[in-house]
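Notes follow once the structure below has been shown.
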Amino acid sequence: MVDKVKIYIPDDSSAISVGADDVAQRVAEMASAQNVAIDLIRTGSRGMFWLEPMIEVETGAGRVAYGPVTISDVDRLFKADFTSGGDHSLALGLVADIPYLAKQDRVTFARCGIAAPLDLAAYKATDGFKGFEAALKRPQADVVADILASGLRGRGGAGFPAGIKWQTVMQAEAKHKYICCNADEGDSGTFADRMLMEGDPFQLLEGMMIAGYAVGAEVGYIYIRSEYPAAIDKIKGAVEVLQDAGLLGSNILGTDFSFNIKIRRGAGAYICGEETSMLDSLEGKRGMVRSKPPIPALSGLFGMPTLVNNVLTLAAVPSIMADGPEAYYAFGQGRARGTQPFQLAGNIKHGGLVELAYGVTLRELIEGYGGDTKSGRPVRAIQLGGPLGAYVSASALDTPMDYEALGEIGAMLGHGGIVVFDDSVDMAQQAAFAMEFCAVESCGKCTPCRIGSVRGRETIEKIIAGECPSDNMALLTDLCDIMEAGSLCAMGGLTPMPVKSAITHFAEDFTRSDRGQEFDK
Amino acid sequence: MLNIYTMRRGIKLMSDGEKALMDLCTSHGNNAANLLEILHDVQHENGFVAPDDIHIIADALNLSAAEVQGVISFYPDFKTTPPAKHTIKICRAEACQAQGSRGLEKNLSTALGVKMGEATADNHVAIEAVYCLGNCALGPAVMLDGKPQGRATVDGLLAQVRKG
């Protein structure tokens, strides 16, 4: 009997959004019609979205790729004998040799796109649970010390040292403690959490289990936004697999450690990505921001000490435990250690996920990896770090991507999203949108955010319309200062960042006289 | 199970729907912390949360109807009227703007004759704003009846919703 040919097609929702399911179905039909024995494996995505749907075929030399494949290409691929790695105009060669992928420092995303996401044996075969097993053999304080030594900082946006947070929760004394994974990835231009949850869910769960052991929590919650239905399904499936395998539940691996994970869905509110708002939402309430102090590490979910970490922070933990903190610390520079999954989005030719050590320049990411704009027009503006992040101009391209270097140019890394705009962008309109977004998504608890955002949008519209522009600009600047200084959380506090950076770097867009009817309110 | 709701209603019999809703709340431990999950489940089953449901849920979870209503109104996902046959969620966030989502939104809205957040008169198609679907490299991104679509076009979407 001939061995079945292994064919890999992503079931990542980005790949599905451009037809991966249809392609997979067609491949299965054609294989059956042509009597080619195949083993069709659905994986996560490699993160090269312009090549999706991308098919990979296992050959003697390694896995070769074809993409982007449309349903009408499938017949021709069979004619070209692609199941033996045959040549075709869509052939991309060995996956491992594709420069976009080959040049990356894949640590957190090392497994993504390789095996079926819920294949526990495949996960274990690639060092899965090695970090967890190593952690269980050591005192809790040592595990926390390793996280501190690794230099890992919160990947959600704030960049707070993870080890310090872990230590605070570990040292807090309480009847119950909780781990809360923030998977409410609402920032435009970011999709790394989604990709990871869909492509390598066990790694996130393993990270939560290590965190639970280290700080003394028995329950972990994952708060996933409802816009990510596929990620919710994958994580639910992964939790079930681990429960069935005895890796979640009571006395895991014969130790005293018991841990379980619960999944909670968000409901379309961006603000619930703010940690205290997420905690209120997890308690079944309106997602209102809480005043701090007390910090969630001491009084969080249901008033108990709670470790709130982003998906990528927790997903980085297993490899730190398995390979040692030094290995992770060796990546990066200055106070930004480890790797960052950057996400190239917007008007860019080669959009996708690029995991690299901190310190890579914005130019290398946008020109080297991204291949410049998709429209072919010049890059004019780049928004870094989501809707609350700064707009920078092409003059910032040589900035190294790390927390401090970006801070120096008045920008922030956030969750690693990079959104590229070409020269057709109207930056006054983008500034108005930043205020509008804040008005739509504000929880309404504090006045600077709730009212300031509405007035901010109105004021920018007046400036655009040419109504007392200099007076209104002074008013807007003052309003931005008040929002920054007086808001309870980052929603109102950072909304001025895209607004002010647009004014600073693209002042000409606020005084254009040729706009006419083009600007639609 | 006897709770405040059944007591208040006295001898009046519960409908199957009411019974099912109470069972759903029981399956969530009648725990107020699970309110969002309960609302998601109700909406998955019925398409929306009916006003009567609010009272049943409130009683089961020992909340006031106002508290349940407050949660429903806070989260854009929860609806209190029957949904359109097809719902197109259009991403309005920056990464999609950079890929032409403003034009898509405008043209689709014109073609369907509805504003953002509204449904056609026959409740066949509704368009809703969404801020990021996590498909930022393949914009403009939309979700049609819960299914993600990248590089969306007006013609492509119209063809799909006009099929039936």
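Throughout, a chain's letter reflects where its sequence line sits, starting with A, and its residues are numbered from 1. Atom set for the values below is all heavy atoms of this structure, side chains included, hydrogens, waters and symmetry mates excluded. Everything numeric in this text was worked out from a predicted model, so none of it was measured.
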Once rounded to the nearest 0.5 Å, what's the spacing between atom CG of Leu36(B) and atom OG of Ser226(A)? 9.5 Å

Are any non-hydrogen side-chain atoms of Arg102(B) and Gln429(A) less than 4.5 angstrom apart? yes

Search all heavy atoms of Tyr75(B) against all heavy atoms of Ser281(A) and return the closest pair with its distance. OH-OG, 2.9 Å

Please examine the side chains of Glu283(A) and Leu35(B), heavy atoms only from C-beta on, and report whether any two atoms are closer than 4.5 Å. no

In terms of heavy-atom pairs under 4.5 Å with chain B, which of Cys272(A), Ser375(A), Ala267(A) leads? Ala267(A)

If you compare all heavy atoms of Ala269(A) against all heavy atoms of Phe74(B), which two are closest, and at what distance to 0.1 Å? CB-CE2, 4.0 Å

Residue pairs passing the ring-ring contact (aromatic ring centres under 6.0 Å, His included) test with at least one member in residues 17-39 of chain B, sequence neighbours excluded, are none

Supply the atom-to-atom distance Leu63(B) CG to Lys285(A) NZ, rounded to the nearest 0.5 angstrom. 10.5 Å

Strictly less than 4.5 Å between heavy atoms, which residues of residues 136-144 of chain B line up against chain A? Please order them by number. Cys136(B), Ala137(B), Leu138(B), Met143(B)

Taking atom OG1 of Thr373(A) and atom CD of Gln99(B), what is their separation to the nearest 0.5 Å? 11.0 Å

Heavy-atom contact with chain B under 4.5 Å, split by part of Val420(A): backbone

Calculate, to the nearest 0.5 Å, the distance between atoms CG and NZ belonging to Asp21(A) and Lys147(B) respectively. 9.0 Å

When the 4.5 angstrom heavy-atom criterion is applied to Pro229(A) and chain B, the contacting part is side chain

Does any backbone or side-chain atom of Ile263(A) lie under 4.5 Å from a heavy atom of chain B? Answer side chain, backbone, both or neither. backbone

Engaged part of Ile418(A) at the chain B interface, taking heavy atoms whose separation is under 4.5 Å: neither

Side chain of Ser188(A), backbone of Cys132(B): donor and acceptor closer than 3.5 Å? no

Non-hydrogen atoms of chain B under 4.5 Å away: do they reach the side chain of Leu344(A), the backbone, both or neither? backbone

Donor-acceptor pair, side chain of Glu37(B) and main chain of Arg265(A), under 3.5 angstrom: yes

Any ring-ring contact (aromatic ring centres under 6.0 Å, His included) pairs touching residues 141-164 of chain B, not counting sequence neighbours? none

Heavy atoms only: give me the nearest Leu133(B)-Arg194(A) pair and the separation to one decimal. O-CD, 4.3 Å

Choice from Met195(A), Lys374(A), Gln343(A), His350(A) maximising heavy atom contacts with chain B below 4.5 Å: Lys374(A)

Heavy atoms only, distances under 4.5 angstrom: which of Ser73(B), Ser101(B), Gly134(B), Ala152(B) has the most pairs with chain A? Name it, please. Gly134(B)

Charged N to carboxylate O below 4.0 Å: is that the case for Arg225(A) and Asp77(B)? no

Side chain, backbone, both or neither: which part of Val71(B) has a non-hydrogen atom closer than 4.5 Å to chain A? both

Return the minimal non-hydrogen interatomic distance between Gly346(A) and Ala98(B), and the atom names on each side. CA-CB, 4.0 Å

Among the options Pro76(B), Ala93(B), Cys91(B), Ala32(B), pick out the one with the most heavy-atom pairs lying under 4.5 Å from chain A. Pro76(B)

Rounded to the nearest 0.5 Å, what separation is found between the CG atom of Asn347(A) and the CD atom of Glu94(B)? 14.5 Å

Tell me, out of Gly287(A), Ala345(A), Gly352(A), Ala192(A), who's got the most heavy-atom pairs with chain B below 4.5 Å. Gly287(A)

Chain B-proximal positions within residues 11-18 of chain A [heavy-atom distance under 4.5 Å]: Ser13(A), Ser14(A), Ile16(A), Ser17(A), Val18(A)

Tyr270(A), part contacting chain B, at a heavy-atom distance under 4.5 Å: neither

Are there over 12 heavy-atom neighbours, none belonging to Asp16(B), within less than 6.0 Å of that residue's CG? no

With a 4.5 angstrom heavy-atom cut-off, which part of Tyr391(A) approaches chain B: side chain, backbone, both or neither? side chain

Which one of Gln149(B), Glu67(B), Lys89(B) has the most heavy-atom pairs closer than 4.5 Å to chain A? Gln149(B)

Smallest separation among heavy atoms of Phe433(A) and Arg92(B), with atom names: CZ-O, 3.4 Å

Does any heavy atom of chain B fall under 4.5 Å from the side chain of Glu441(A), the backbone, both, or neither of them? side chain

